[in-house]
Amino acid sequence: STYYNKNTILYLNGQFVKASEANIDLYSQSMHYGYAVFEGIRSYRTASGETRIFKPAEHYERLQRSAMAMNMPYSWGVEELTDATYKVLEANHLQDAYIRPLVFAPANMSFSLNKESYLTIQVWAMEPFLGENLLNVMGSSFQRPNPKGFHIEAKASGHYVNSILASQEAKSKGFDEALLTDMNGFIAEGPGANVFFEKDGRLFTPPAGNILPGITRATVLELCHHMGIEVEQKLFTAEALKGSDAAFFCGTAAEVIGWKSFDGVPFAKNWNDSLGRKIQLAYKALVTESITEPVSA
Ligand code: PMP
């Protein structure tokens with residue numbers, strides 16, 4: 001497996017154990033119904049050579065909110081989990097890593113509440129999530145889950161069946177990734193990333209409500225603020241996106257990754273001249289702690 005080998009260590013319910021020896025209960029709502037919550041976090045080797053987890057508190061707070069939204073018992077503290085994560089990284093000799101905490105349910109095949117939850121933290125070496133080339137993105141035939149049927153702002157495992165279907169559809173048609181609309185047909189997000197587009201020197205992104213409001217999205221908004229880039233959060237259609245100058249996805253795994261085309265229509269602006277490219281560089285510098293001063297656009 002590219003994710004673990006016989007030496008890999010993971011964190012499971014307060015203990016550091018070998019991945020190859022860790023067990024889960026197959027009689028779990030998590031396995032059968034997708035009733036679990038998770039996070040996607042990254043650590044980086046910084047410019048000074050240290051290992052730094054990016055925004056661990058934001059991620060572990062979201063994990064708790066996701067668990068609460070799903071009525072899952074949750075008793076872990078941010079510091080406790082951040083400490084455990086650094087220990088798992090060290091045990092696996094990883095600096096540039098993807099970190100995957102998962103909260104899952106004990107044996108129970110009914111739809112009832114559980115008295116406890118289990119938690120695991122897995123880490124693996126980070127490979128580019130969507131590659132490093134500009135993306136050819138397809139408008140998906142799938143919509144994001146209806147917020148009236150799911151707590152869409154929670155990072156719940158079951159929601160990701162939708163992501164898998166959309167991503168597989170795009171790849172089967174020769175695209176790199178999908179872009180999904182919400183249930184009203186407005187642009188929402190990718191299977192695992194938020195979207196921004198540039199038009200006439202400003203950026204646009206869908207508002208919170210029908211998307212997972214990403215931690216990277218929040219970071220991009222902060223960077224834009226520092227860099228003097230105007231951003232408007234509003235609902236927009238695929239047509240507006242097609243008429244735009246440039247676009248990018250952002251997410252913990254994806255970081256900031258530019259688009260080459262949408263539904264086969266290339267963007268007019270060269271990525272290297274786009275606002276997204278400036279943000280991509282600023283983001284990289286931020287996560288690797290290689291700048292002290294915010295860059296200006
Ligand atoms: N939307 C979806 C559906 C996602 O899975 C992710 C990745 N967690 C994001 C957006 C981006 O969120 P973040 O920046 O917090 O990783």
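Remember, it's 1-based here, ligands and their atoms both numbered in the order they're listed.
Here the OH atom belonging to Y44 is positioned 14.0 Å from the CZ atom belonging to R52, to the nearest 0.5 angstrom.
Among residues at least two apart or in separate chains, side-chain hydrogen bond (donor to acceptor under 3.5 Å, both in side chains) pairs with a member in residues 18-28 are S28-S30.
Pocket lining of ligand 1, defined as residues with a non-hydrogen atom under 4.0 Å away: R62, R144, K155, Y160, E189, G190, P191, G192, A193, N194, L212, G214, I215, T216, G251, T252.
Side-chain contact, T51 with Q95: a donor N or O sits under 3.5 Å from an acceptor N or O. Using a 3.5 Å distance cut-off with no hydrogens or angles, the side chains of S48 and E50 do pair a donor with an acceptor.
The neighbour count for E90 CD, taken as heavy atoms of other residues, nucleotides or ligands under 6.0 Å away, does not exceed 12. Counting non-hydrogen atoms of other residues, nucleotides and ligands closer than 6.0 Å to CE of M31 gives a total of 12 or fewer.
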